[in-house]
Structures are given as C-alpha cells and as structure tokens.
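Structure first, then comments.
Every chain is numbered from 1, with letters handed out A, B, ... down the list of sequences.
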Number of protein chains: 2
Amino acid sequence: MPSANEDCAPLTEYEGSCQGQHGAEEGRMIREVLSRVGDKWSLLVVATLRGGRLRFSELQGHIPGISQRMLTLTLRHLERDGLLSRTVHAEVPPRVEYELTDLGRTLMELSIGLGMWAVENRERIETARAAYDSAHSQV
Amino acid sequence: MPSANEDCAPLTEYEGSCQGQHGAEEGRMIREVLSRVGDKWSLLVVATLRGGRLRFSELQGHIPGISQRMLTLTLRHLERDGLLSRTVHAEVPPRVEYELTDLGRTLMELSIGLGMWAVENRERIETARAAYDSAHSQV
DNA sequence: CAGTATCCCGTGTGATACTG
DNA sequence: CAGTATCACACGGGATACTG
C-alpha cells in the first residue's frame, strides 16, 4: 500500500483526507507546542530537571553555553505553561528552586526520548549528511 | 524511580553527576538534533509523511501555511540527514515524491508522540497560561 | 509541477552592565 | 544568588517574482 494517509489517525491529518475539519487547528497547535518546546533550550532544561528540583545556578552549571538571560526566559516560559514550578525560599542569600510538574514530567519523557534518538542515530545522520554533501558538491 | 540524578542515564547528564566527561558533547548534539528537527516545519513534514510517499504539492496541501520556499528547504534538510528520500520521475509534467526512510520513520514515531502530547495537554497548558498571566498582570 | 532567486523584517539569542 | 535592563545582531522565515 504505497498510497497514503488512509488510516485517519487524529493527529496530523490536514483537511481533506479524513473528516477534514480540525486538521489545520491541530497543525497549528503542534506548531505552538514546538514553539514552546522546540526552541534552543526548553527541552534541555526539562531533561536536566528529570532527576528532581534544581536551583538556578545548578541548572546553569548543568547546561553549558546557556546565558543567564536565556535560562531566565526559558524557565519563565516553562513555568507559565505549567511545566515546572518555581519556589522562592525566603533566605539570604536567596535560593530559588525549579521542579517539574506532573505535566512537565510527561513532556520530559518525550524529550528524553528525543534525546535518546539523537544519541542513537547521530552516526547515521552524520553519515547521511556526508554522503549527501559529497553527492551534491559536484564541481 | 523519580529520585534524583543517580541513575546516570547517558543522555542529558552534564558533567559532574556521573562520569562527568561527555555531557557537554551530548548536550550540543541534542541541540543540533533539535535545530534540525525542532524548527517550525520539520516534525510536521515528517508526521505528514507517516502514511507513505507524497509529492511536493500534496505535502503543501496537507500542511496549511507552509510556503513553497520553506517546504523546499525543509525537505532538503531532511533529505540531507537521511530522514526521507526524494524520487524524481522522468515525466512531463515533473513528478517528485518524498518518502520516509527507516531512520525517518523512527523519528516520525517520536514526532507523532509529541503531537499526541500536544493534543492531549493543550487545555492544561492554556489553563496554566491563563492562571499565570492573571497572577502576574498585577493591576 | 516543482522548484530557485531575492528582498526584507521580526525575534530569538548573546554580551554586557546593573540590582534586591 | 538570582535575577533585570539594554543594545546589537544573525538568521529563520514570509512574500514575491521568475524558471526548467
């Protein structure tokens, strides 16, 4: 059956093939989720928090290359979407801890899955990339 | 086993907790994969191809909002990484078909998972967002 | 039909400096 | 320690026009 898309799983079917109504909406929603989570740091933060709560500086230490600004922004976005909780301890010096919510943990599972996929298939991708490049760099 | 970072899964552990060596490299790799796949359209294209091969115009029809330019670029990138194959049929008018490779199918599974997550948790996210906004929009 | 080629703009990101 | 504030810039991505 090399023809296509007849099973109508209610996910990324874009108008036409099946009921043909909600498709576009779901596509937009998926893009929204990817915008939230598909940025440069979100999944990394979520994955880093999989072991439990961490404070700001610990997160920064565990994610090499992230700037203070981007860590702050990423954490705020994830908090806004209910993916992690932010706890400020009334101390001096201040201590702030971040922890995944239940919702965040479900996403974390997926991000771990993506990460494992990346680890497992890095070589295949690099090989394919090299093959493609050499095939297309014809003089 | 939702305790802390002691299991040392070889994924997003960034130097320190475990062996403490390869962490940064893997973090970079995950970011690379996310850059490849976490852009605005890649996962959507991959998910759209889950039912079998489709031609250029069919893809464009199934993914509302994507421009010709972005579809082309996305397809080229995915092809370069060995996630899909491109077949040009020597006909007039030209017909070009795209199909997931085995590697692409493994990623497709994950993207479907992300999509389902998005569908299932849209409301929770919107609720959390509204709550956060009202709590932070101090009068 | 299936692309390329340009132009252009928004915004995501980094660097740096400052604060409660 | 855990942030804000500001500037500056690259780049992703949309619109449009053209082509084999």
Quick one: CG on A:Leu84 to CE on A:Met108, what's the gap to the nearest 0.5 Å? 12.0 Å
How does DNA chain D look in dot-bracket notation if pairs are Watson-Crick or G-U with both distances under 3.5 Å, crossing ones as [ ], other-strand ones as |? ||||||||||||||||||||
Each nucleotide N or O in nucleotides 6-8 of chain C that has a protein N or O under 3.5 Å away: list the pair and distance.
none

Tell me which nucleotide among D:dT4, C:dG3, D:dG13 gets nearest to the side chain of B:Tyr98. C:dG3
Using the side chain to side chain donor-acceptor pair (under 3.5 Å) definition, which of the options B:Arg86, B:Arg53, B:Glu58 pairs with B:Tyr98? B:Arg86
Determine, stepwise, if the pair B:Arg55 / B:Val96 fulfils side-chain contact (heavy atoms from CB on, under 4.5 Å). CA-CA 5 Å; B:Arg55 45 199 301 191; B:Val96 181; 5.8 Å; no
Write down the distance between CD1 (A:Ile66) and C1' (C:dG12), rounded to a whole number of angstrom. 13 Å
Mind calculating the distance between CD (A:Gln60) and P (C:dG14) to the nearest angstrom? 12 Å
Looking at side-chain heavy atoms only, is the closest gap between A:Leu114 and B:Leu107 below 4.5 Å? yes
Could you check how far CD of A:Glu97 sits from P of D:dC1, rounded to whole Å? 14 Å
Would B:Ile112 and B:Arg50 satisfy side-chain contact (heavy atoms from CB on, under 4.5 Å), going step by step from the backbone distance to the final call? CA-CA 9 Å; B:Ile112 297 291; B:Arg50 78 182 184 288; 3.4 Å; yes
Applying side-chain contact (heavy atoms from CB on, under 4.5 Å), run through A:Leu75 and A:Phe56 and close with a yes or a no. CA-CA 9 Å; A:Leu75 289 170; A:Phe56 189 89; 3.9 Å; yes
Going through the checks in order, is the side-chain contact (heavy atoms from CB on, under 4.5 Å) test met by A:Leu54 and A:Glu97? CA-CA 5 Å; A:Leu54 290 175; A:Glu97 290 185 321; over 6 Å; no
Please determine whether the number of non-hydrogen atoms from other residues, nucleotides or ligands lying under 6.0 Å from atom CD of B:Glu123 exceeds 12. no
Mind calculating the distance between CG (A:Leu71) and P (C:dT13) to the nearest angstrom? 13 Å
Stretch residues 79-95 of chain B: residues that reach within less than 4.0 Å of DNA chain D through a heavy atom: B:Pro94
Are the side chains of B:Ile66 and B:Leu59 in touch, meaning some heavy atoms are under 4.5 Å apart? no
From the options B:Thr48, B:Leu49, B:Leu43, select the one residue that forms a side chain to side chain contact (heavy atoms under 4.5 Å, CB included) with B:Val45. B:Leu49
Rounded to whole angstrom units, what separation is found between the CG atom of A:Leu75 and the P atom of D:dC1? 16 Å
More 5' along DNA chain C: B:Thr72 or A:Lys40, using each one's nearest nucleotide? B:Thr72
Reading DNA chain C from 5' onward, which residue's closest nucleotide shows up sooner: A:Gln68 or A:Trp41? A:Trp41
To the nearest angstrom, how far is A:Asp39 atom CG from C:dG14 atom P? 10 Å
Side-chain heavy-atom pair A:Leu73, A:Met70 within 4.5 angstrom cut-off: yes
Whole angstroms only, please: what is the CG-C1' distance between B:Leu54 and C:dC1? 15 Å
Specify the separation, in whole Å, of atom CD1 of A:Ile63 and atom P of C:dG14. 12 Å
Has B:Ser57 got a side-chain N or O lying under 4.0 Å from the OP1 or OP2 atom of C:dA2? yes
When rounded to the nearest 0.5 angstrom, what distance separates CG in A:Leu103 from CZ in B:Arg124? 4.5 Å
